[in-house]
Amino acid sequence: MIPKIKSTMKSFKFLFVLVPSLAMLLLICTGSLAQKIQHQEWLEYHVSWNGSSNTIGVDLIYDCNNQDTTVFYFGSINPGGQTEIFDILHSVTAVSGDSIALSPSQRKITVYHQTHGIKKLHYNIDGSLIVNPLRARPNEAFRPVIKSGSLYLIGSNLFLETNSFAYKRLTIVWDIWPQNVAYFISNNPLSRPDVQQEIDVHNKEQILIYFGTDLIIKKYKVFDTPYYAITSKRDSTNMQNELMPFLQRFFPSTREFWRDYKAGYYFVSLIPLWNKMASTSTGYSVDGGFSMKYSGPFDFQKRMVLAHETSHHWISGELHFKSVGMEYNWFHEGFNDYIAVYNLARSKMLSNAEFEQYLNDANLKPHYNSPVNELAADSIESKFWTNVYYERLSYQRGFIYAFYFDNQIRLATQGKKNIRDFLVVLFERHKKSKEINITQDLFVEVASQFLPASNIRKEINENLLKGKLLDFKNIRLEKMFKVTINNHIPDIRLIENADLKQFYDWKN
Ligand SMILES: [Zn+2]
């Protein structure tokens with residue numbers, strides 16, 4: 001790869017250091033997006049990579065806004081438990097007599113300004129791959145991975161946090177980058193490295209950047225929305241083909257489900273982990289798309305992750321309860337998981353055996369066996385990372401309730417309505433309200449169009465928030481399901497020749 005140098009920016013930078021006022025004039029004369037930059041409010045990032053090194057260089061240009069010090073923070077410990085993330089930062093330098101102090105334990109860079117005005121801070125980011133299969137999932141998802149011909153960066157590993165509320169927007173452009181290497185920046189899929197991007201500082205964690213000689217980036221359409229599929233030639237299977245059922249059936253089904261056809265674009269990326277390891281996957285959702293890193297075949301578990309994550313656009317994304325911690329994750333995670341299954345079934349991407357396995361082995365059995373299954377919803381967050389029982393609790397509790405709730409709506413309406421009718425009304429009511437979050441009152445009010453409000457309110461309090469288990473011994477389900485109880489654990493099977501595709505569909 002021959003590194004490409006953005007010559008206009010280079011000359012600009014040269015002049016900039018020497019004569020700031022002339023540089024401002026040149027900035028205006030470039031005629032690009034750069035002319036709009038107001039440094040009092042903007043952070044301007046210039047990134048350089050030669051395509052073969054494990055390190056990138058970053059120049060941050062900013063106005064110190066007459067402050068004597070500016071404090072920056074690098075990296076994020078969460079998600080992924082990256083306690084050592086500050087160690088990848090090297091060669092931090094400030095220009096024109098300013099001095100800096102680093103506080104690694106706080107991930108903090110303090111710049112002491114000798115003069116006021118436009119400033120430049122330089123740093124390098126070392127994205128060397130860490131070979132450690134035990135930590136490969138969080139490391140390869142939440143740290144930069146930079147090696148010859150391939151770069152993966154997330155916003156929190158590139159852009160700095162500041163202690164100032166003055167900076168509202170940031171820009172990013174590549175000054176040096178490898179030619180003829182596929183490039184993708186998640187906020188603007190059609191962009192090139194040399195096109196400066198403007199990003200709201202609050203959205204900086206939502207940015208994903210790839211370069212890769214191995215990348216295959218294809219554009220599809222779901223209704224009128226462009227969908228980008230990013231895969232890798234390193235894979236032993238043709239992942240673009242594996243994604244076809246999603247692009248042709250599942251993604252259209254989710255948009256039909258919500259009657260929501262308007263979106264700028266969406267992307268999914270499925271990139272193999274560099275660490276060699278048994279079949280696994282991890283994911284990272286950002287505005288506009290979802291990135292999966294994985295090893296092994298694209299099996300049911302991975303299809304389920306992709307369906308779950310891309311469904312989050314609506315549940316948890318558009319429809320989000322105002323909450324202190326994880327007390328409404330029964331909805332954000334559990335309902336979302338059930339709707340992912342709903343649309344997989346409607347898309348004929350889920351066999352009857354897979355449905356039974358998911359309902360029983362991934363939900364009912366582990367949940368009814370869990371020693372913490374009756375923990376109150378507002379106690380989950382503090383224990384969440386301590387073990388898998390807490391991690392799965394909201395998912396399973398919410399999934400099982402959504403399944404029950406769907407059955408109750410079907411029974412009460414003689415099969416004319418189901419959970420989709422409820423969610424569509426909830427979505428439409430919420431959009432009209434212009435509120436940021438949904439509330440329990442709105443949930444109950446909409447549910448009361450299908451079921452008695454008092455029942456729903458009681459179930460939210462007792463079963464979903466306080467954690468009391470649903471008693472399937474005394475619950476009626478649609479005749480497609482057969483329930484047996486073994487040692488207090490409900491086991492739910494489909495009747496012979498059950499038609500999931502027909503069941504998970506709607507009449508209007
Ligand atoms: Zn989720």
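Since the model is a prediction, treat every value here as computed from it, not as a measurement. Order of appearance sets the numbers: ligands from 1, and atoms from 1 within every ligand.
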Fill in the blank from the handout: Heavy-atom nearest pair, Pro189 first then Phe184, reads CB-CE1, 3.5 Å
Problem - N-O pairing of Glu428 and Arg259 below 4.0 Å - result: yes
Handout entry: Worked verdict on Asp337 versus Tyr358 for side-chain hydrogen bond (donor to acceptor under 3.5 Å, both in side chains)
Key = CA-CA 10 Å; Asp337 212 40; Tyr358 199 69; 2.5 Å; yes
Problem - SB check Arg493 Glu356 (cutoff 4.0 Å) - result: yes
Handout entry: Basic-acidic side-chain contact under 4.0 Å: Arg143, Asp126
Key = no
Fill in the blank from the handout: With a cut-off of 2.8 Å, strictly less than, protein N/O/S atoms near the Zn ion (ligand 1) add up to 3
Handout entry: Tyr227 vs Tyr220, ring-ring contact (aromatic ring centres under 6.0 Å, His included): CA-CA, chis, key distance, verdict
Key = CA-CA 5 Å; Tyr227 270 59; Tyr220 301 90; 9.1 Å; no
